[in-house]
Amino acid sequence: MTTRILIAGIGNIFLGDDGFGPEVVRHVPQRLAGPDVAVTDYGIRGMHLAYDLLDGYDALVLVDALPDRGGPGTLHVIEADHESLSGTARLDAHAMDPAAVFAGVYALGSTPPRTVVIGCEVESVEDGIGLSAPVAAAVPEAVRAVEDVVARLLTSAAVEG
């Protein structure tokens with residue numbers, strides 16, 4: 001059985017550290033992409049991501065900026081809970097947070113795939129292009145986390161299949 005994985009970088013590159021997701025996917029090695037693994041910078045196109053999730057992906061690796069909890073540049077790898085996220089979200093074609101994307105998928109008559117979020121706490125989301133120093137320093141670690149998560153998803157699919 002083939003497992004299809006979508007690696008999606010999300011965020012607004014014009015709002016400082018919010019551009020973390022697009023920056024990370026820009027550094028994901030090309031060797032990782034292939035017929036079963038797609039790597040895409042969605043920027044702020046949440047509905048585009050929701051529609052693409054209808055194409056039968058088994059897993060989503062979502063790379064995004066996270067609110068600062070006192071540790072700018074701190075990386076988190078979290079398995080998303082679609083139930084709790086979608087319960088508070090509504091369909092909004094212009095929203096880009098994960099809950100809005102999942103609400104879009106549900107509104108389109110489907111369910112989101114297993115989702116792992118790789119997020120980095122921000123330092124600043126003020127107007128401006130470029131990541132702050134602590135968030136930029138987390139990009140290589142985030143790329144390694146993407147590679148590790150994809151390997152783990154492919155391995156678990158092979159064991160289950």
Side-chain angles (χ1 to χ4, degrees), residues 5-33 37-55 57 59-108 110 112-150 153:
I5 300 170
L6 176 59
I7 301 167
I10 63 173
N12 188 335
I13 64 167
F14 299 109
L15 294 177
D17 290 341
D18 195 50
F20 175 76
E23 184 66 15
V24 170
V25 296
R26 197 169 70 78
H27 287 88
V28 168
Q30 288 296 339
R31 66 175 163 66
L32 199 59
V37 179
V39 181
T40 304
D41 170 6
Y42 284 92
I44 57 172
R45 298 170 296 139
M47 279 308 292
H48 184 179
L49 173 55
Y51 275 109
D52 282 356
L53 289 174
L54 300 179
D55 288 339
Y57 286 100
L60 169 64
V61 178
L62 195 59
V63 186
D64 195 6
L66 299 176
D68 178 17
R69 296 184 189 139
T74 302
L75 204 64
H76 300 272
V77 179
I78 308 158
E79 183 98 19
D81 176 5
H82 298 123
E83 305 266 330
S84 64
L85 283 173
S86 63
T88 59
R90 64 183 189 2
L91 178 61
D92 181 351
H94 302 288
M96 190 55 232
D97 64 273
V101 171
F102 299 146
V105 172
Y106 285 119
L108 293 167
S110 189
R114 177 180 179 187
T115 303
V116 177
V117 177
I118 297 172
C120 182
E121 291 184 37
V122 300
E123 181 175 78
S124 172
V125 288
E126 300 293 320
D127 288 347
I129 297 175
L131 302 177
S132 65
V135 173
V139 169
E141 182 184 354
V143 170
R144 285 189 299 277
V146 168
E147 292 177 289
D148 292 346
V149 167
V150 168
L153 290 168

Roughly how far apart are [X] [atom1] and [Y] [atom2], rounded to 0.5 Å?
X    : Y   : atom1 : atom2 : value
S110 : L53 : OG    : CG    : 8.0 Å
L62  : I78 : CG    : CD1   : 10.0 Å
R26  : I13 : CZ    : CD1   : 10.0 Å
L49  : I44 : CG    : CD1   : 13.0 Å

Do the non-hydrogen side-chain atoms of [X] and [Y] ever get within less than 4.5 Å of each other?
X    : Y    : value
V116 : L60  : no
V61  : L153 : yes
V122 : P67  : no
I7   : T40  : no
V146 : L32  : yes
L108 : M47  : yes
T74  : H76  : yes
Y42  : L6   : yes

Under 6.0 Å from the CD atom of E79, do we count more than 12 heavy atoms belonging to anything else shown? yes
Search all heavy atoms of [X] against all heavy atoms of [Y] and return the closest pair with its distance.
X   : Y    : answer
L75 : A145 : CD2-CB, 4.3 Å
A59 : P113 : N-CB, 3.7 Å
P72 : G70  : CD-C, 3.7 Å

Would you check if the side chain of E121 reaches a backbone N or O of G71 as a donor-acceptor pair within less than 3.5 Å? yes
Atom pairs and distances, donor-acceptor, side-chain atoms in residues 14-22, under 3.5 Å, two or more places apart:
unit_1, atom_1, unit_2, atom_2, d
D17, OD1, S132, N, 2.6
D17, OD1, S132, OG, 3.1
D17, OD2, E123, N, 2.7
D17, OD2, S124, N, 3.0
D17, OD2, S132, OG, 2.8
D18, OD2, N12, N, 2.7

Donor on one side chain, acceptor on other, Y57 and D52, under 3.5 Å: no
